[in-house]
Amino acid sequence: SVEESSFAQLDTIQSSGWDVVGLSPQCNIEDVVNVKIATQNDSLPKTRYNLDELKDLESRLILITSSKAEARDKVNLYTDTLHSIVRIAEVLMKLKCEGNVIYNEWTLKCQCKANPEFDCKAELQRLASMMEQGLQNWRQEVKRARDTYYALNYYTNAQLLVFRENLSKQPCPVTVLDLLQSISPSVTGRDVSCCLQNDMSINDGLNDSGHGSVDFDHPVVERKKGFTISVRQEKSLYLTLQKLGDVLQSLCLRLPETRIQ
């Protein structure tokens, strides 16, 4: 029956499953959240559940009425955990889409079963709130940088991220030159190289996250039994918004000020 199969899935997930949240190249929420079953049992029909499947199971469980308090507790744990995981995933995607890179290599793994050593529900909600505050802080930093360096306003956040990752590379990448020439057609790769060479402090504006001088939120790293948050080593270096503003300003000084709507 639907009830039996649904509770069988729930039991498998809560006994052997781990919620995993981490960014994917596609940046679709369906790819950001999944549950992996940590088991050597080859007879299990599935060893990984994506977000659509997890939501489908949630819908079925909510529709199923059970007189057993234990069953209701299991369903409540599942739905509460899923909602918190989705909340974290949505913030993670917003941070990436708005140009914040500190969570690019960040992964959360949370055991699906109840953990007597700590309150998983409260832990996930606390984490989500911290990341949401980090998103607000990032938006304020971007606004301050755009208010200070008008040349940043020629470009979207996604385009600024391309600059921050690639502008210091030599020779000047085609993607960077195309963006510069969309505003100032006369700019050449040589102009960019000269600008970078003249700015002897350019390397001071390079770091693994592109944070400015403000005390900005760092990605949370924690390790508890059944709850792990890790950050892989970031492969790229990023210009800070402030240093990027300096460089773009010098390259675009002769242009009238304008802003992206």
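- Residue pairs meeting the ring-ring contact (aromatic ring centres under 6.0 Å, His included) criterion with at least one member in residues 167-197, sequence neighbours excluded, do not occur.
- Residues forming a side chain to side chain contact (heavy atoms under 4.5 Å, CB included) with Glu90 (at least two apart in sequence, or on another chain): Ile29, Val86.
- Listed by chain and residue number, Ser193, Leu196 satisfy the side chain to side chain contact (heavy atoms under 4.5 Å, CB included) test with Gln170 (two or more places apart in sequence, or in another chain).
- Applying the side chain to side chain donor-acceptor pair (under 3.5 Å) criterion to Glu98, with sequence neighbours excluded, gives Arg139.
- Screening residues 166-188 for ring-ring contact (aromatic ring centres under 6.0 Å, His included) gives no qualifying pairs among residues at least two apart or on separate chains.
- Screening residues 158-191 for ring-ring contact (aromatic ring centres under 6.0 Å, His included) gives Tyr155-Phe163 as the qualifying pairs, with residues at least two apart or on separate chains.
- Remark: Val162 engages Asn166, Thr175, Leu179 in a side chain to side chain contact (heavy atoms under 4.5 Å, CB included) (not counting sequence neighbours).
- For Leu161, the side chain to side chain contact (heavy atoms under 4.5 Å, CB included) partners at least two apart in sequence or on another chain are Val101, Arg164, Tyr238.
- Asp119 meets the salt bridge (charged side-chain N to carboxylate O under 4.0 Å, His left out) test with no other residue; sequence neighbours excluded.
- Pairs of residues two or more places apart, or lying in two chains, never qualify as salt bridge (charged side-chain N to carboxylate O under 4.0 Å, His left out) while including a residue from residues 174-185.
- Partners of Asn76 by side chain to side chain donor-acceptor pair (under 3.5 Å), not counting sequence neighbours: none found.
- The list of side chain to side chain donor-acceptor pair (under 3.5 Å) pairs with a residue in residues 55-64, not counting sequence neighbours, reads Ser6-Arg60, Gln9-Arg60, Asp56-Arg60, Glu58-His83.
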